[in-house]
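The structure appears right after this line, and notes come after that.
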Protein chains: 2
Amino acid sequence: MAQKNLLKYILLGLLENEKKTGYDLKKLFETEIGEFWSAKHSQIYLELKRLEEQGYISSETGLFGNKLEKTYYTVTDKGRRVLSEWEETPTGELPINKDEFILKLYFIHDKNDKRIQEMLSEQYRLHVSKLAHLKKRKNLLFKDEISRSKNYGHFLILDLAIRREKEYIGWIKQYLH
Amino acid sequence: MAQKNLLKYILLGLLENEKKTGYDLKKLFETEIGEFWSAKHSQIYLELKRLEEQGYISSETGLFGNKLEKTYYTVTDKGRRVLSEWEETPTGELPINKDEFILKLYFIHDKNDKRIQEMLSEQYRLHVSKLAHLKKRKNLLFKDEISRSKNYGHFLILDLAIRREKEYIGWIKQYLH
DNA sequence: CGAAACATGTAAGATGTTACATGATTCG
DNA sequence: CGAATCATGTAACATCTTACATGTTTCG
C-alpha cells in the first residue's frame with residue numbers, strides 16, 4: 001500500500017520520549033507495535049535516514065563494547081511539530097481491512113460448500129489464540145489503574161482489540177457446526 | 001503493502017462466472033468489493049494484461065456502438081485451477097489491520113488529553129454511518145433465504161462486518177462522555 | 001451540445017518485501 | 001567456541017497510488 005507514509009509518524013512517536021536505535025525500533029515492531037502495524041528493519045533504517053535528512057530527528061553514535069557503534073535517534077523540535085500536527089489532524093475515512101480469509105469466503109457461493117466449515121474452524125483456532133494473547137498482554141501491562149492512566153491510548157486500543165476478537169469468535173461460533 | 005498479489009485471485013474470482021471488461025471490474029471495486037478491498041483502475045488493467053500473458057484469462061473484443069472497442073475477459077481452465085488452488089490453501093496468519101486512528105490513539109498517554117474525546121466522536125460518526133450503510137446493503141441483497149444461499153459467503157462477511165461495526169460503536173460509547 | 005459516465009491505457013514515483021551482506025557481542 | 005542475538009545496511013523486485021492521456025457514448 002503505497003500511501004500516507006504513516007511509518008514516519010510511528011517512528012517520530014516512538015522516539016518522542018526516549019532516544020532509540022534502529023534496532024530498538026525494529027524490536028518494538030516485533031512486539032508492542034506489531035499488534036497493529038508492521039515494518040521490516042530494511043524499511044525502518046531507510047526511513048530513519050530520510051527523517052534525519054529532513055531534520056525531523058537527529059542522531060548520536062555511542063560506542064558499545066569495544067567496536068560496535070550504535071546510532072541513537074531523537075526527535076528534533078521540527079519533528080515534534082510535524083508529529084503533533086499529524087496527531088491533531090482528523091483522520092477521516094475508515095480504512096479497508098484487507099483480510100484474505102474474508103476474500104476467500106466472498107467467492108464461495110454455495111451454503112453447503114465444505115470449505116466454509118474448514119475455513120471457519122481454522123479461523124476459530126487463530127482468533128481464540130489471538131484473544132488469549134491479547135488478554136495476557138492486558139493483564140501484564142494494565143493490571144492497575146495507574147498503569148492505565150500512564151498509557152491510556154494503548155490501554156484503549158488493547159481493550160478494543162480484545163472486544164473485536166471476542167466478537168469475531170462469536171460470529172464464527174454462530175456459523176460453525 | 002507489497003505482498004501476496006491477492007488482486008490476481010480477486011480478478012479471477014470475479015471473472016469466473018461471467019465475462020467482464022476492465023471497467024466492469026473497476027466498478028465492482030467501487031461498490032461491492034469496495035467494502036473489503038481496494039484497487040485502482042490503473043492497477044486492474046495492468047493485472048489483466050499480466051493474467052492474459054500468463055494464460056489465466058483470455059480476452060475477446062466486441063464493438064460497442066460505432067467505434068468503441070470493449071475487451072471482455074474470461075477465466076481459462078488454467079486460471080480456474082489457480083483460483084481453486086488458492087481457495088483450498090489455508091490462509092494462516094491473521095492480518096494486521098492498519099488503522100490510522102488506532103495509531104494516533106496509541107501515542108496519546110494522558111487519560112485526560114482532550115484529543116481523545118475529539119477522536120472518539122469523529123470515529124463515532126464514521127462508524128454509525130458505516131453501520132447504517134452495511135445494514136442497508138444487507139437488506140437490499142439478502143432479504144430472503146434464497147438470496148442468502150445463492151451468495152452465502154458474501155452474506156456471511158456482510159453479517160460479520162455489521163457485527164464488527166456494532167462492537168466498535170459499543171466500544172466508543174464506553175469511553176465517550 | 002455539453003456534461004457525466006463509459007472505457008482503456010501509460011508513466012512516475014512511493015511504499016513495502018525478500019534477499020543479500022557483514023560484523024559484534026553475549027551466553028551457555 | 002559456537003550459536004543466538006544484536007546491530008546496520010544495500011539491492012532487487014513487487015505492489016500501489018497519483019497523475020497524465022485520450023477518445024466514446026449517453027442523456028438531459
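The chains referred to below are lettered A, B, ... by the order of the sequence lines, with proteins before strands, and numbering in each begins at 1.
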Point to revise | Qualifying residue for salt bridge (Lys or Arg N to Asp or Glu O under 4.0 Å) with B/Asp159, from B/Lys138, B/Arg164, B/Arg137 | key: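 Among the candidates, only B/Lys138 passes.
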**Study point:** Pairing of A/Lys26 and A/Glu30 as salt bridge, 4.0 angstrom limit
**Key:**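 Yes.
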Review point. Taking NZ, NE, NH1 and NH2 as the nitrogens, is one of them in A/Lys8 or A/Glu47 under 4.0 Å from a carboxylate oxygen of the other?
Key: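 Not counted as a salt bridge, because no side-chain N and carboxylate O are separated by less than 4.0 Å.
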From the set [options], return the single nucleotide nearest to any side-chain atom of [X].
X       : options                : answer
A/Ser38 : C/dG9, D/dG9, C/dT17   : C/dT17
A/Phe64 : C/dT26, C/dG23, C/dT10 : C/dT26
A/Tyr73 : D/dT25, D/dG9, C/dT15  : D/dG9
B/Lys67 : D/dG9, D/dT25, C/dC6   : D/dT25
A/Leu68 : D/dT25, D/dT10, D/dA7  : D/dA7
B/His41 : D/dT8, D/dT15, C/dT8   : C/dT8

Exercise for review: Please indicate whether B/Glu60 has more than 12 foreign heavy atoms, meaning atoms of other residues, nucleotides or ligands, lying under 6.0 Å from its CD.
Suggested key: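 Above 12, so yes.
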Review point. Would you say A/Phe36 has more than 12 foreign heavy atoms packed within less than 6.0 Å of its CZ?
Key: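 Enclosed: over 12 neighbouring heavy atoms sit under 6.0 Å from CZ of A/Phe36.
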For a quick test of reading the model: is some side-chain N or O of [X] closer than 4.0 Å to OP1 or OP2 of [N]?
X       : N      : value
B/Lys70 : C/dT8  : no
A/Lys40 : C/dT17 : no
A/Tyr23 : D/dC6  : yes

With heavy atoms under 4.0 Å as the rule, sort [X] into base, sugar-phosphate or nothing.
X       : value
B/Lys26 : nothing
A/Ser42 : base
B/Thr21 : sugar-phosphate

Using atom [atom1] of [X] as one end and atom [atom2] of [N] as the other, report the distance to the nearest whole Å.
X       : N      : atom1 : atom2 : answer
B/Leu28 : C/dA7  : CG    : C1'   : 15 Å
B/Leu63 : C/dA7  : CG    : C1'   : 13 Å
A/Glu47 : C/dA14 : CD    : P     : 12 Å
B/Leu6  : D/dC16 : CG    : P     : 8 Å
A/Tyr9  : C/dT15 : OH    : P     : 10 Å
B/Leu11 : C/dT8  : CG    : P     : 13 Å
B/Asn66 : D/dT26 : CG    : P     : 9 Å
A/Leu46 : D/dG9  : CG    : P     : 10 Å

Practice item. For B/Gln43 and for B/Asp24, find the nucleotide of DNA chain C with the closest heavy atom, then tell me which residue's nucleotide is more 5'. Key: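 Mapping each residue to its closest nucleotide by heavy atoms, the 5'-most match is B/Asp24.
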Check your understanding: Starting at the 5' end of DNA chain C, which residue's closest nucleotide do you reach first, A/Arg50 or A/Gly65?
Key ->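 Looking at DNA chain C, the more 5' nearest nucleotide goes with A/Arg50.
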Point to revise | Qualifying residue, where the test is ring-ring contact (aromatic ring centres under 6.0 Å, His included) with B/His127 and the options are B/Trp171, B/Phe101, B/Tyr168 | key: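 Output: one option passes, namely B/Tyr168.
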